[in-house]
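Positions are given from 1 along the sequence.
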Amino acid sequence: MSLKSESGEPLGLELRAVLLNTASASAKCGVESGDALEVSAEEYAIELRQVRASFVTLRIEGTLRGCMGSSDPVRALVEDVAHNAYSAAFLDPRFFPLTAEELPRLDIHISVLSPLERLSCPSEADLLAVVRPGVDGLLLREGSRGGTLLPSVWEPLPEPHVFLRELKLKAGFRVDYWSENIEVFRYTTESFP
């Protein structure tokens, strides 16, 4: 399922290319200067100036090298992609910072999120009944704990109960934990290269 922009159409190939080039330039800027690429949203197409949330995933030869983003929209999409590409390359706590030698081998994947849809799920069974495997990304929050899994994570975790278990662990909950205070949101993504 593809996410639509406010104009009702998916991002075209040209806009996707701009975002991929921005992510690549931000990673390169980080290697060369230690800082993220500075972008001015006013210089970009209106679709890229919209306040949207995104994730940037970096891989080298198919192996995860970094992934950072946010499910809450806080800045223009083009700025968010530049920020998240830098964060994935240099601030993901699971990895050492990206090196100049790795830069040419980097595969960049961008996921642009739809607005969050709050789900009313008094129980885990209620959530499992409404989640759409392969389509929905999920966000769980309670207090200071929270975590999200993108729709692409359904590929290695196709069973809804396994997907939810991994999401709970990522959010810092026990696998058997559920509470009426957990906030549950779903979203879709437009993912590319």
Side-chain angles (χ1 to χ4, degrees), residues 1-5 10-11 19 23 26 50-59 63-95 107-193:
M1 175 178 215
S2 73
L3 169 75
K4 302 210 174 193
S5 68
L11 293 172
L19 291 177
S26 194
Q50 295 171 3
V51 177
R52 304 281 299 275
S54 70
F55 275 78
V56 176
T57 303
L58 306 177
R59 290 188 177 88
T63 301
L64 183 65
R65 184 59 183 83
C67 180
M68 296 292 275
S70 172
S71 20
D72 295 311
V74 294
R75 59 181 73 85
L77 179 57
V78 68
E79 294 171 356
D80 202 55
V81 165
H83 173 83
N84 292 334
Y86 175 84
S87 296
F90 301 99
L91 303 176
D92 188 326
R94 300 170 291 180
F95 301 97
D107 290 319
I108 298 172
H109 188 93
I110 297 171
S111 297
V112 181
L113 280 61
S114 69
L116 297 175
E117 175 190 354
R118 188 175 183 145
L119 299 175
S120 176
C121 298
S123 72
E124 186 172 318
D126 292 324
L127 175 57
L128 292 173
V130 298
V131 70
R132 300 171 297 182
V135 175
D136 291 335
L138 289 179
L139 167 67
L140 295 182
R141 280 197 284 228
E142 183 182 48
S144 62
R145 291 192 227 167
T148 191
L149 289 179
L150 296 169
S152 60
V153 178
W154 286 103
E155 291 174 24
L157 304 173
E159 296 298 323
H161 68 281
V162 176
F163 187 92
L164 183 54
R165 181 190 72 212
E166 293 303 312
L167 177 54
K168 284 182 181 181
L169 290 172
K170 184 176 183 185
F173 302 121
R174 297 183 323 272
V175 294
D176 62 347
Y177 181 76
W178 195 261
S179 160
E180 62 183 29
N181 297 321
I182 289 181
E183 294 180 293
V184 183
F185 301 88
R186 73 173 162 196
Y187 56 88
T188 58
T189 59
E190 180 177 351
S191 298
F192 50 95

Legend entry - Nearest heavy atoms of Val131 and Trp154, plus distance in Å: CG2-CZ2, 3.8 Å
Inset, instruction - State whether the side chain of Asn84 and the backbone N or O of Ser54 hold a donor-acceptor pair below 3.5 Å, judged by distance alone. - result: yes
Legend entry - NZ-CG distance between Lys168 and Leu138, expressed to the nearest 0.5 angstrom: 12.0 Å
Legend entry - Partner of Phe55 by side-chain contact (heavy atoms from CB on, under 4.5 Å), out of Val112, Val81, Leu150: Leu150
Legend entry - Backbone of Ser179 reached by a side-chain donor or acceptor of Glu142 within 3.5 Å: no
Inset, instruction - Find the distance between OG1 (Thr188) and CG (Leu113) and round it off to the nearest 0.5 Å. - result: 8.0 Å
Legend entry - Over all atoms of both residues, closest heavy-atom pair of Pro151 and Gly137: CG-N, 3.4 Å
Legend entry - Reported CG-to-CZ distance for the pair Asp136 and Arg186, which is rounded to 0.5 angstrom: 4.5 Å
Inset, instruction - Examine distances only and state if a side-chain atom of Asp92 and a backbone atom of Cys67 form a donor-acceptor pair shorter than 3.5 Å. - result: yes
Inset, instruction - Would you check if Leu77 and Val51 make a side-chain contact, meaning some heavy-atom pair closer than 4.5 Å? - result: no
Inset, instruction - Check whether any side-chain heavy atom of Arg65 sits under 4.5 Å from a side-chain heavy atom of Phe95, and report yes or no. - result: yes
Legend entry - From OG1 (Thr57) to CD1 (Ile110), nearest 0.5 Å: 9.5 Å
Inset, instruction - Report yes or no: does Arg145 contribute a side-chain atom to a donor-acceptor pair with the main-chain N or O of Lys170 at less than 3.5 Å? - result: no
Inset, instruction - For the pair Asp72 and Arg52, find out whether any cationic side-chain nitrogen is under 4.0 Å from an anionic carboxylate oxygen. - result: no
Inset, instruction - Taking all non-hydrogen atoms of both residues into account, name the closest pair between Pro158 and Pro133 and its distance. - result: O-CB, 4.4 Å
Legend entry - Side chains of Leu164 and Glu124 in contact at under 4.5 Å (non-hydrogen atoms): yes
Legend entry - Pair Arg59 + Asp107, salt bridge at N-O below 4.0 Å: no
Inset, instruction - Would you check if the side chain of Asp126 reaches a backbone N or O of Ser123 as a donor-acceptor pair within less than 3.5 Å? - result: yes
Inset, instruction - Apply side-chain contact (heavy atoms from CB on, under 4.5 Å) to Leu149 and Glu166, showing your working. - result: CA-CA 9 Å; Leu149 289 179; Glu166 293 303 312; 4.2 Å; yes
Legend entry - Straight-line distance of Ile108 CD1 to Phe192 CZ, nearest 0.5 Å: 11.0 Å
Inset, instruction - Over all heavy atoms of both residues, which pair between Gly147 and Ala171 is shortest? Give the atoms and the distance, please. - result: N-CB, 3.5 Å
Legend entry - Chi angles and distances behind the side-chain contact (heavy atoms from CB on, under 4.5 Å) call for Leu119, Phe185: CA-CA 6 Å; Leu119 299 175; Phe185 301 88; over 6 Å; no
Inset, instruction - Report yes or no: does Ser191 contribute a side-chain atom to a donor-acceptor pair with the main-chain N or O of Ser111 at less than 3.5 Å? - result: no
Legend entry - Spatial distance of atom OH (Tyr177) from atom CD1 (Ile182) [nearest 0.5 Å]: 5.5 Å
Legend entry - 4.5 Å side-chain heavy-atom contact, Tyr187 and Thr148: yes
Inset, instruction - Answer yes or no: is there a side-chain heavy-atom contact under 4.5 Å between Met68 and Val56? - result: no
